[in-house]
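Shown next, in structure tokens, is the structure this report addresses.
In this text, all values refer to a predicted model and were calculated from it rather than measured experimentally. Just so we're on the same page: letters track the sequence lines, and every chain starts at 1.
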Amino acid sequence: MKMSKMFVQTLREFPSDAEVVSHKMLARAGYIKKLTSGVYNYMPLMWRVLKKIENIVRDEMDKAGAQELLMPFVQPKELWEESGRWDAYGRELMRLKDRHDRVMCLGPTHEEIITALARDVLKSYKQLPVNLYQIQSKFRDEVRPRYGLLRGREFIMKDAYSFDTSQEGLNKEYENMAKAYTNIFNRCGLPTKMVQSDSGAIGGSVSHEFMVITDTDAGENDVFYCDDCDYSANSNHAVSKLLPAEVDGAKYFTKTEVIDTPNTHSIEELSKFLNIPSTLILKTLVYIVDKKPVLALIRADKAVEETKLMNAVGGVEIRIASSAEIAELMADKGFDAVPGFIGPNGMDGITIIADETVRDMKNFVVGINKTDRHLVGANLSDIPAIENYVDIRLVEAGELCPQCGRPLKVTKGIEVGNIFQLGTKYSKPMKAFYLDENGKAQPYIMGCYGIGISRTAAAAVEAHHDEHGIKWPISIAPYHVVIVPVNIKDELQMKVAGEMYEKLLSAGVEVVLDDRDERAGVKFKDADLIGFPFRVTVGKTINDGLVEYKVRETGEVLTLKPEEAVEKLTDIILSK
RNA sequence: CGGGAUGUGGCGCAGCUUGGUAGCGCACCUCGCUUGGGACGAGGGGGUCGCACGUUCAAAUCGUGUCAUCCCGACCA
């Protein structure tokens with residue numbers, strides 16, 4: 001490729017709307033151009049990177065025994081009604097109508113389509129197991145698209161679906177995919193951590209996410225992990241053993257009574273006012289799950305993990321209640337209390353979920369739905385009976401590993417892939433059955449496996465860059481080498497550069513010749529920004545028969561004869 | 001959706017307070033000069049100032065509405 005003909009425009013400055021480093025770099029280096037919020041043009045350089053990633057994914061998926069196919073973007077509403085997700089998926093689903101007013105959507109994922117396809121084709125146990133995958137654009141009308149390619153509304157994803165006759169078969173395939181995923185990300189130059197996670201809107205029981213660990217804002221997930229064993233989990237799923245805490249308030253309260261606690265709207269104010277640790281306060285939070293209020297009870301020094309709470313209620317959408325909604329709830333129940341004084345008593349008909357931390361509390365403090373008052377010295381017999389305690393607690397770093405008891409640590413992660421055990425979540429409602437050895441209809445045992453292709457590219461930039469630009473791993477770089485003749489009017493420089501270009505090309509190296517009539521500085525800046533793994537500079541030293549060879553990743557510089565440089569590059573690149 | 005902000009050539013911005021018919025840097029085109037880390041000089045092209053309505057002799061500037069974009073919170077590849 002001649003640089004003078006490349007469809008690319010690098011910018012002197014970072015675009016003002018880019019926040020994270022991958023977005024800034026990709027936009028400035030001419031890889032992407034935004035069309036509208038969360039929707040990007042992939043320029044030729046970007047498309048080459050994406051194809052490289054796709055091909056690594058294909059190679060590993062094929063090796064793992066999966067078969068590639070391609071399903072439509074456009075999907076009919078009816079299939080989504082069969083699975084029950086037309087309503088459950090919510091506003092993230094991009095919906096549209098055709099000219100006959102038939103309702104369709106743009107696929108955010110393809111469980112419905114693949115299940116419908118499988119039930120038509122996979123009629124016998126003899127045809128199973130099968131794993132099918134595709135690579136295509138997906139559409140999710142994200143509430144808040146951001147961070148460039150990391151969270152778009154249209155993005156490229158590899159999604160795979162497995163069909164088995166037994167849980168054992170699924171377990172095996174799940175392991176198989178986990179291995180393939182580890183290989184894929186390693187080959188992309190992206191070490192990942194496989195962490196336990198909540199299965200969210202996709203559904204199912206067991207699921208893991210592949211996280212690229214980062215210390216920047218681009219990591220939108222908190223990952224808790226243990227250095228002493230293999231435990232790691234997304235914060236929406238992490239569990240821990242608590243550190244010892246004072247949970248019996250007997251030494252502060254000699255009897256159970258209602259007392260005045262003026263202006264104690266926060267836990268901090270209340271514990272200061274009563275001069276007790278917050279571990280002796282029972283906190284009551286009001287959430288709205290699927291439009292209905294839910295009370296969450298938890299020891300006040302701990303925070304609620306909303307995904308856990310939502311799962312405990314069995315809902316699909318959760319948010320903390322607004323003060324207006326709380327006021328409405330209070331009025332409805334005949335109370336006059338503001339947040340800070342809410343409690344579980346008298347909340348007939350409202351779902352109450354209590355965290356496990358509540359179980360051991362004795363002689364504690366609790367709100368009683370009266371502003372400026374609390375009940376102190378209370379015990380579990382003083383509040384509505386709790387049938388079962390569930391874990392709705394957000395884990396904190398320093399709490400103890402559930403497996404080995406050592407302190408947990410926390411870090412940020414970018415989720416680039418995940419794997420789910422779906423079981424019969426789709427096959428049963430969609431009546432996707434095969435006939436077993438006895439001629440009996442059985443639902444498929446399914447798994448699904450996703451990789452964000454475009455997100456992986458962005459994550460690679462997050463992981464590999466410096467202040468000058470991108471430092472692509474060789475395996476996914478758009479080109480391997482850029483050759484920079486310093487002065488294109490110098491005949492010898494151009495001749496040698498041209499010869500090296502041809503030799504590298506015919507050897508199978510992906511090479512760009514920067515034949516633009518620009519000063520050397522401009523070409524060097526662009527080479528660093530775009531992130532070619534290797535640069536060969538043909539300058540004045542060519543008069544002594546030498547060129548400069550430079551490695552982007554390490555900054556290593558060698559002065560070599562042109563043929564030596566060609567040989568070295570060919571060896572390194574073709575061995576990868 | 002709640003909270004905050006911003007819309008002026010491809011990119012980054014000024015002008016708006018105090019209305020008078022659009023400017024700077026980069027990029028782009030031409031010529032000259034220069035050629036190892038984003039040179040220099042001269043000339044040139046490109047914007048109905050997001051959109052609509054209103055106020056006014058006159059609106060980028062004031063008012064109302066609307067759309068879009070970005071940031072902070074709940075989602076997920």
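- The pairing partner recorded for B/C24 is B/G12, the criterion being a Watson-Crick or G-U wobble arrangement whose two distances lie under 3.5 angstrom.
- One N or O donor and one acceptor, one from the side chain of A/Arg151 and one from the base of B/C75, sit under 3.5 Å apart.
- Remark: ring of A/Phe155 stacked against base of B/A77; centroid gap under 5.5 Å, plane tilt under 30°.
- Here the side chain of A/Ser16 is nearest to one of B/C13, B/A27, B/C76, namely B/C13.
- If you take atom C1' in B/G20 and the same atom in B/U56, they sit 12 Å apart, rounded to whole Å.
- Atom name P, nucleotides B/U21 and B/G3: the rounded distance is 40 Å, in whole Å.
- With P as the reference atom, B/G46 and B/G10 are 13 Å apart, rounded to whole Å.
- Spacing between B/C62 and B/C16 at atom C1', rounded to whole Å, works out to 10 Å.
- When distances are taken from the side chain of A/Gln9 to each of B/G37, B/C76, B/A27, the shortest belongs to B/A27.
- Using a 4.0 Å heavy-atom cutoff across all strands shown, A/Val416 reaches sugar-phosphate atoms only and no base atom.
- The separation between A/His208 atom NE2 and B/C76 atom C1' is 18 Å, rounded to whole Å.
- Not less than 6.0 angstrom separates the ring centroid of A/His468 from the ring centroid of A/Phe524.
- Within the nucleic acid shown, A/Gly539 comes within 4.0 Å of at least one base atom, counting heavy atoms only.
- Between A/Tyr147 and B/C72 there is a side-chain N or O to OP1 or OP2 distance below 4.0 Å.
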Could you go through the side-chain contact (heavy atoms from CB on, under 4.5 Å) check for A/Leu329 and A/Ile350 one step at a time?
CA-CA 10 Å; A/Leu329 175 66; A/Ile350 303 295; 3.8 Å; yes
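- Of the residues listed (A/Arg144, A/Arg146, A/Lys412), the one engaging A/Glu220 in a salt bridge (charged side-chain N to carboxylate O under 4.0 Å, His left out) is A/Arg146, and it is the only one.
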Kindly give the atom pairs (protein nitrogen or oxygen, nucleotide nitrogen or oxygen) under 3.5 Å for nucleotides 32-35 of chain B.
from  : atom 1 : to       : atom 2 : distance (Å)
B/U34 : O2'    : A/Arg519 : NH1    : 3.3
B/U34 : O2     : A/Arg519 : NH1    : 3.2
B/U34 : O4     : A/Lys489 : NZ     : 3.3
B/U35 : O4     : A/Lys489 : NZ     : 2.8

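- A donor-acceptor pair under 3.5 Å links the side-chain atoms of A/Asn236 to the main chain of A/Asp198, judged by distance alone.
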Mind listing the N/O atom pairs, protein and nucleotides 67-69 of chain B, below 3.5 Å?
from  : atom 1 : to      : atom 2 : distance (Å)
B/U69 : OP1    : A/Thr36 : OG1    : 2.9
B/U69 : OP1    : A/Ser37 : N      : 3.2
B/U69 : O3'    : A/Lys34 : NZ     : 2.9

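- At a threshold of 4.0 angstrom between heavy atoms, the contacts of A/Lys550 include nucleobase atoms, whether or not backbone atoms are also involved.
- Taking only distance into account, the side chain of A/Arg144 never meets the base of B/G3 through a donor-acceptor pair shorter than 3.5 Å.
- Per the geometry, CD belonging to A/Glu548 stands 8 Å off C1' belonging to B/G36, to the nearest Å.
- Nucleotides B/C49 and B/U61 are separated by 9 Å at their P atoms, to the nearest Å.
- To the nearest angstrom, C1' of B/A77 lies 15 Å from CZ of A/Arg146.
- Side-chain contact of A/His237 with A/Glu209: a donor-acceptor pair under 3.5 Å is absent, judged by distance alone.
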Given side-chain contact (heavy atoms from CB on, under 4.5 Å), test A/Arg552 with A/Asp528 step by step and report yes or no.
CA-CA 7 Å; A/Arg552 177 76 177 89; A/Asp528 288 347; 3.9 Å; yes
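- Ranking B/G38, B/G37, B/A77 by closeness to the A/Arg28 side chain, first place goes to B/G38.
- Spacing between B/G15 and B/G19 at atom C1', rounded to whole Å, works out to 13 Å.
- In terms of position on RNA chain B, the residue among A/Pro15 and A/Val547 whose nearest nucleotide sits closer to the 5' end is A/Pro15.
- Residue contacts for A/Arg535: at a heavy-atom cut-off of 4.0 Å it reaches a base atom on one of the strands shown.
- Computed from coordinates, the A/Glu220 CD to B/C71 C1' distance equals 13 Å when rounded to whole Å.
- With hydrogens and angles left out, the side-chain atoms of A/Glu415 and A/Asn221 include no donor and acceptor closer than 3.5 Å.
- Using N1 to N3 plus N6-O4 or O6-N4 for Watson-Crick, or N1-O2 and O6-N3 for G-U wobble, each under 3.5 Å, B/C33 pairs with nothing.
- Within 4.0 Å of A/Glu306, counting heavy atoms only, lie sugar-phosphate atoms of the nucleic acid but no base atom.
- Remark: A/Glu268 pairs with A/Ser266, A/Lys272 by the side chain to side chain contact (heavy atoms under 4.5 Å, CB included) rule, at least two apart or across chains.
- Across B/A58 and B/C70, the matching P atoms stand 37 Å from one another, rounded to whole Å.
- In this structure, B/G2 forms a base pair with B/C72, meeting either the Watson-Crick or the G-U wobble geometry with both donor-acceptor distances under 3.5 Å.
- Residue-level contact check: A/Glu13 touches the bases, meaning some heavy atom is under 4.0 Å from a base atom.
- As rounded to whole Å, 14 Å separates atom C1' of B/A77 from atom CG of A/Leu190.
- Within the 4.0 angstrom heavy-atom criterion, no nucleotide atom of any strand lies near A/Arg319.
- Here the P atom of nucleotide B/C26 and the CG atom of A/Asp526 are 16 Å apart, to the nearest Å.
- For the P atom pair drawn from B/G9 and B/A42, the interatomic distance equals 26 Å after rounding to whole Å.
- Between the base of B/C76 and the side chain of A/Asn221 there is a donor-acceptor pair shorter than 3.5 Å.
- Remark: B/U18 base-pairs with no nucleotide in the shown strands. Criterion, Watson-Crick or G-U wobble with two distances under 3.5 Å.
- When Watson-Crick and G-U wobble pairs are counted only if both distances are under 3.5 Å, B/C53 pairs with B/G63.
- One cannot find a donor-acceptor pair under 3.5 Å joining the base of B/C11 and the side-chain atoms of A/Arg12.
- The side-chain heavy atoms of A/Met94 and A/Phe73, taken from C-beta on, include no pair separated by under 4.5 Å.
- Residue A/Asp490 is out of contact with every strand shown, counting any heavy-atom pair closer than 4.0 Å.
- A/Asp222 has its CG atom 10 Å from the P atom of B/A74, to the nearest Å.
- Here the side chains of A/Leu558 and A/Lys568 are in contact, with some heavy-atom distance below 4.5 Å.
- A cation-pi arrangement is absent between A/Arg455 and A/Phe155, since the terminal nitrogen or guanidinium carbon is not both under 6.0 Å from the aromatic centre and inside a 45° cone about the axis.
- Side-chain atoms of A/Lys523 come within 3.5 Å of backbone atoms of A/Arg516 as a donor-acceptor pair (strictly under, hydrogens ignored).
- Counting heavy atoms from C-beta on, the side chains of A/Leu150 and A/Glu462 come closer than 4.5 Å.
- Whole-Å rounding puts the A/Leu394 CG to B/A74 P distance at 11 Å.
- Heavy atoms of A/Phe210 sit nowhere under 4.0 angstrom from any nucleic acid atom.
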